[in-house]
**Q** 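My questions will all concern the structure given below.
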Amino acid sequence: MADEKNKPAPNQNQINIELTEEVAEGIYSNLAMIAHSNSEFVIDFIRLMPGVPKAKVKSRIVITPEHAKRLLAALEDNIAKYEASFGAIKQTTESPKFPMNFGGAMGQA
């Protein structure tokens, strides 16, 4: 029989997080739009395809202002770690450029 005195106490702050296969695959997004009110931030993750005049919101996340600030800090921390390992992330003020035939053949008139 196991000695209960030497058994570590369960961590009261531990959270069991479930990640389904569908969610684990992720959703590609190349544009994010952020809006806010006094009580929440809304982040829309969008997939913009060249040559397609309509972009689709692929996922919407609604969080509190406190969580938005935590997300900002977590992103800053992770970007710093990424750049320490792989070098500075290049950033331009231009819109991304896609090849003319990206996403399929171009039609001719």
**Q** Any donor and acceptor pair, going by atom type alone, linking the side chain of N30 with main-chain N or O of L48 inside 3.5 Å?
**A**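 Side chain of N30 to backbone of L48: a pair is present.
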**Q** Would you check if I46 and M33 make a side-chain contact, meaning some heavy-atom pair closer than 4.5 Å?
**A**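 The answer is yes, as the side chains (C-beta and beyond) meet within the 4.5 Å cut-off.
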**Q** Start with the C-alpha gap between T64 and H67, add the side-chain angles, then the distance that decides, and say whether side chain to side chain contact (heavy atoms under 4.5 Å, CB included) holds.
**A** CA-CA 5 Å; T64 65; H67 284 105; 2.7 Å; yes
**Q** Heavy atoms, side chains only, cut-off 4.5 Å: are L71 and I63 in contact?
**A**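 Side chain of L71 against side chain of I63, heavy atoms only: contact under 4.5 Å found.
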**Q** How many angstroms lie between atom CD of E66 and atom CZ of F41, to the nearest 0.5 angstrom?
**A**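 So the gap between those two atoms works out to 12.0 Å.
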**Q** Spell out, as yes or no, whether a donor-acceptor pair under 3.5 Å connects the side chain of D77 to the backbone of A73.
**A**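 Such a contact is absent between D77 side chain and A73 backbone.
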**Q** With sequence neighbours left out, which residue pairs that include part of residues 32-42 fulfil the salt bridge (Lys or Arg N to Asp or Glu O under 4.0 Å) condition?
**A**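 For residues 32-42, and leaving out neighbouring residues, there are no salt bridge (Lys or Arg N to Asp or Glu O under 4.0 Å) pairs at all.
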**Q** Treating Ile, Leu, Val, Met, Phe, Trp and Tyr as nodes and any side-chain heavy-atom pair under 4.5 angstrom as an edge, say whether V57 and I43 lie in one connected cluster.
**A**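 Each belongs to a different hydrophobic cluster.
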**Q** Verify side chain to side chain contact (heavy atoms under 4.5 Å, CB included) between R60 and V62, making sure each step is shown before the conclusion.
**A** CA-CA 7 Å; R60 172 174 277 186; V62 182; 4.2 Å; yes
**Q** Write down the atom of P65, the atom of S39, and the distance for their closest heavy-atom approach.
**A**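 For P65 and S39, the tightest heavy-atom pair comes out as CD-O, 3.3 Å.
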**Q** In the single-linkage hydrophobic clustering (I, L, V, M, F, W, Y; side-chain heavy atoms under 4.5 Å), do I61 and I34 co-cluster?
**A**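 I61 and I34: one cluster.
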**Q** Between F45 and I27, is the side chain to side chain contact (heavy atoms under 4.5 Å, CB included) condition met? List the steps.
**A** CA-CA 9 Å; F45 292 95; I27 295 174; over 6 Å; no
**Q** Decide yes or no on side chain to side chain contact (heavy atoms under 4.5 Å, CB included) for K58 and R47, but give the supporting numbers first.
**A** CA-CA 7 Å; K58 303 306 281 184; R47 184 179 304 157; 3.8 Å; yes
